[in-house]
Structures are given as C-alpha cells and as structure tokens.
Amino acid sequence: MASQSTPNHTQTVAGWAAHDSSGKIVPFIFKRRENGVNDVTIKVMYCGICHTDLHHVRNDWGITMYPVVPGHEITGVITKVGSNVKKFKIGNRVGVGCLAASCLECEFCKNSQENYCDQIQFTYNGIFWDGSITYGGYSNMLVADHRYVVHMPDNLPMDAAAPLLCAGITVFSPMKDCQLLDSPGKKVGIVGLGGLGHVAVKMAKAFGHHVTVISTSPSKEIEAKQRLGVNCFILSTNDEQMQRGKRTLDVILDTVSAQHSLGPILELLKVNGTLAVVGAPDRPMDLPSFPLIFGKRAVKGSMTGSMKETQEMMDVCGKLNITCDIELIKPDQINEALDRLARSDVRYRFVIDIAGNSKL
C-alpha cells in the first residue's frame, strides 16, 4: 500500500499540489526522503507544464492519487550526491523527466528501454521503491535516483530547455525509431503545433527533413511557416488541401491530445509510411482499416524514451541549439496557465520559474 511518506522522509519541502479533481493548485508543504547512496538532491530551478499535468490534476484518466504534486520537465542544480554516484557532482546542471524508478532486472531495463518496464514508476503520481508516492517538480527541491537524471548541456538555458525532458524526448524517440536522425531529405508530417509539435518541427528541420504541419487551426499557418520555417501547411478541415496531400509523406508524428480520427491522417502517408502516435487522448481514436490496408501503412505508439535516449536527445539539442518556445510564469500563475493550456492558449509551453530567477 502506497503512503505519502516513509520514516526516511525527513526533509520538509515547499511545493504546489492539487487535492481533488477540481484541479486547483495550492501551496503544499510535504516531506521528501533523505538523500540515499544512489541519490542526488536537486534544487529545482524551472519546471515545465505538460498536458499530462492537466490530465492528472483533474483525474481525467482515473488514476490520480491526491494530493498530487505535478511536474516532470525539471531542470535544476545538484546540491548533494550519494556515495555510489560517480557521474554527477555538486553544482552540476541537470534534468529530470518522466521516470523515477523501474525494476532494473527485466529485458527492457537491461536493454536501455526501461521506459517500457512493467514496473515503471513516474516522477509524480507513482510509487517509489520505498512504497512512498512520488511528488514532482512543482516544488523547490527533488531527490532522485541518479540513474534517472541527465546532464544539461552548458549552452542551453535551463528555462527553455526544461520541456525537452518530456516534450523533447517524446518526439525525439519516435524520430530516432523511424531513422530520421541520420537520413535527411525525408518528408515528415507533424500533426498539431503545440508543446510537442513545435519541438518536433524544430528537430525535424534540424535533422534536414522537409516538414509539413497538419493542423485544425488556420491561424497556425503563419506561425508554422514564418516562425518555425516549415515547408508546407495542411489545414486538416480543408478537404481540398487534404486531397492534395495524399501519399506525400514518409513519416507522420501525431502529437494531438484531443480525440480525433486517424483515417484522414493515414491517407497523407506514402505506401509503407509510418504514423507514430505520441499524443494521449483520454478517449479512443478512430482507426479505419482501409487506409491501413490499401497503403501498407503502420501505426505505432511511443512513450517518452529511455534514460540513455534522453541524454542523447539533450546532447543533440545542445549541439544543434534546439530549445522550446516558452512562456515563463511564476508559481502563483499555475492555475491560470492550466486553464489556458486546456484551451490550447499557449505558445508553446508554460515553464514555472520555481526558484524565482525571472526578471518578469
């Protein structure tokens, strides 16, 4: 049975939590564990707001354990290091994403795919090895097992890089899986131009691909072409544009978290094309058989990425200077930001200035 804390939880921490399905975030004082031999203690500087946070605070998926302290796009500075930890030291700039623990013994853990471990536990609303409920990055400090922490490239700003810990790795992993990292010149479609989508566009462009954004919002065309430099824009509610786009794309990443049909999107793929689904609607998506059968197309899902992949993603972003377009907010603006996120009113990711470093 999970508990909020164990006898080892002796450190008092200030954070922000939701206590019921209203999703309202309020200040919350709680306990974290002492820094163990495999742990690092991190002063949280910034934390991105992910759509998953919204689902959890409102219990959209029916799995929330209240009180819930969200946040899995965390950047900060190490203040304490356990005796078994060799790759980190005090003062290192680091990031923590979605993963807090896994079994370490299964085929996936041993093959650097621990994000698919049956016993995976998340940075918040999970159950850690000691039986306690995990609390996330909407807080001023975090204790994390070093195996689930990554180094931050020195050239990346900690605020604009924070969403890479979830949004970044979520789109990087399927791109790597679809051989998009080292084979430029493919035609890549990105469905949705939000927190995930805009990062996917930046990565696909940096990897040398022809990029098409597919969106239900006409207003996104100017942003996509002028701000992000995409090659094409398809308004998915325009039948003529969708018809012209048929069989033109090699790979499509679907980042949309609202319920929608996959049929029209599949028609945009070439024969043998792949649709990678990374958005997480809370209701089933329509998947007609004919676009699959008549195009020999594949639909696959992808969940974040492994820690090895996450470090690789951060290093690539450092090399190519890829960051997220963010709106920096203060902790007392979290509720307003969540409401705006529910209306898709953000360009493109909210990041909380946890440590109060912003000049706003």
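No option in V57, D53, V44 other than D53 meets the side-chain contact (heavy atoms from CB on, under 4.5 Å) test with Y138. With I329 as the fixed residue, the side-chain contact (heavy atoms from CB on, under 4.5 Å) test singles out one of V351, V346, I49: I49.
The environment of N84 atom CG is dense: over 12 non-hydrogen atoms of other residues, nucleotides or ligands sit within 6.0 angstrom. For CD1 of I222, the number of neighbouring non-hydrogen atoms (other residues, nucleotides, ligands) closer than 6.0 Å is 12 at most. In this structure, K296 places its NZ atom where only 12 or fewer heavy-atom neighbours from other residues, nucleotides or ligands lie under 6.0 Å away. The number of heavy-atom neighbours closer than 6.0 Å to NZ of K24, taken from other residues, nucleotides and ligands shown, is 12 or below. The number of heavy atoms from other shown groups lying within 6.0 Å of CD (Q119) does not exceed 12. More than 12 heavy atoms of other residues, nucleotides or ligands sit less than 6.0 Å from atom CG of D345. The neighbour count for D239 CG, taken as heavy atoms of other residues, nucleotides or ligands under 6.0 Å away, does not exceed 12.
Using a cut-off of 4.0 Å between Lys/Arg side-chain N and Asp/Glu carboxylate O, K308 and E312 are scored as not salt-bridged. Ion pairing between a basic and an acidic side chain is recognised when a charged N comes within 4.0 Å of a carboxylate O; D339 and R58 show such pairing.
The side-chain tip of R33 points at the ring of F128 from less than 6.0 angstrom away and within 45° of straight on.
Between I42 and A144 the shortest heavy-atom distance is CD1-CB, 4.5 Å.
With contacts defined as side-chain heavy-atom distances shorter than 4.5 Å, the pair L228/K205 does not qualify. Proximity of L235 to F233: side-chain heavy atoms (C-beta onward) are separated by under 4.5 Å at one or more points. Looking at C103 and E114, their side chains never come closer than 4.5 Å, going by heavy atoms from C-beta outward. Residues I354 and Y46 form no side-chain contact, since every pair of their non-hydrogen atoms from C-beta on lies 4.5 Å or further apart. Counting only heavy atoms from C-beta outward, the side chains of P163 and V199 never approach each other to under 4.5 Å.
Looking only at atom types and distance, the side chain of T6 has no donor-acceptor partner in the side chain of N8 under 3.5 Å away.
L287 and L253 fall into different hydrophobic clusters, defined by Ile, Leu, Val, Met, Phe, Trp and Tyr side-chain heavy atoms under 4.5 Å apart, directly or through other members. Under the 4.5 Å side-chain contact rule for hydrophobic residues, M203 and V201 share a cluster.
The aromatic ring centres of H9 and F30 sit 6.0 Å or more apart. Residues Y124 and H56 bring their aromatic ring centres within 6.0 Å.
Formation of a donor-acceptor pair under 3.5 Å by the D250 side chain with backbone atoms of V188 is not found in this model. In this structure, the side chain of H198 engages the main chain of G194 through a donor-acceptor pair within 3.5 Å. The backbone N or O of T212 lies less than 3.5 Å from no partner atom in the side chain of N231, so there is not a single donor-acceptor pair. Side-chain atoms of T134 do not come within 3.5 Å of backbone N or O of I127 as any donor-acceptor pair.
One finds the OH atom of Y116 at 6.0 Å from the CE atom of M303 (value rounded to the nearest 0.5 Å).
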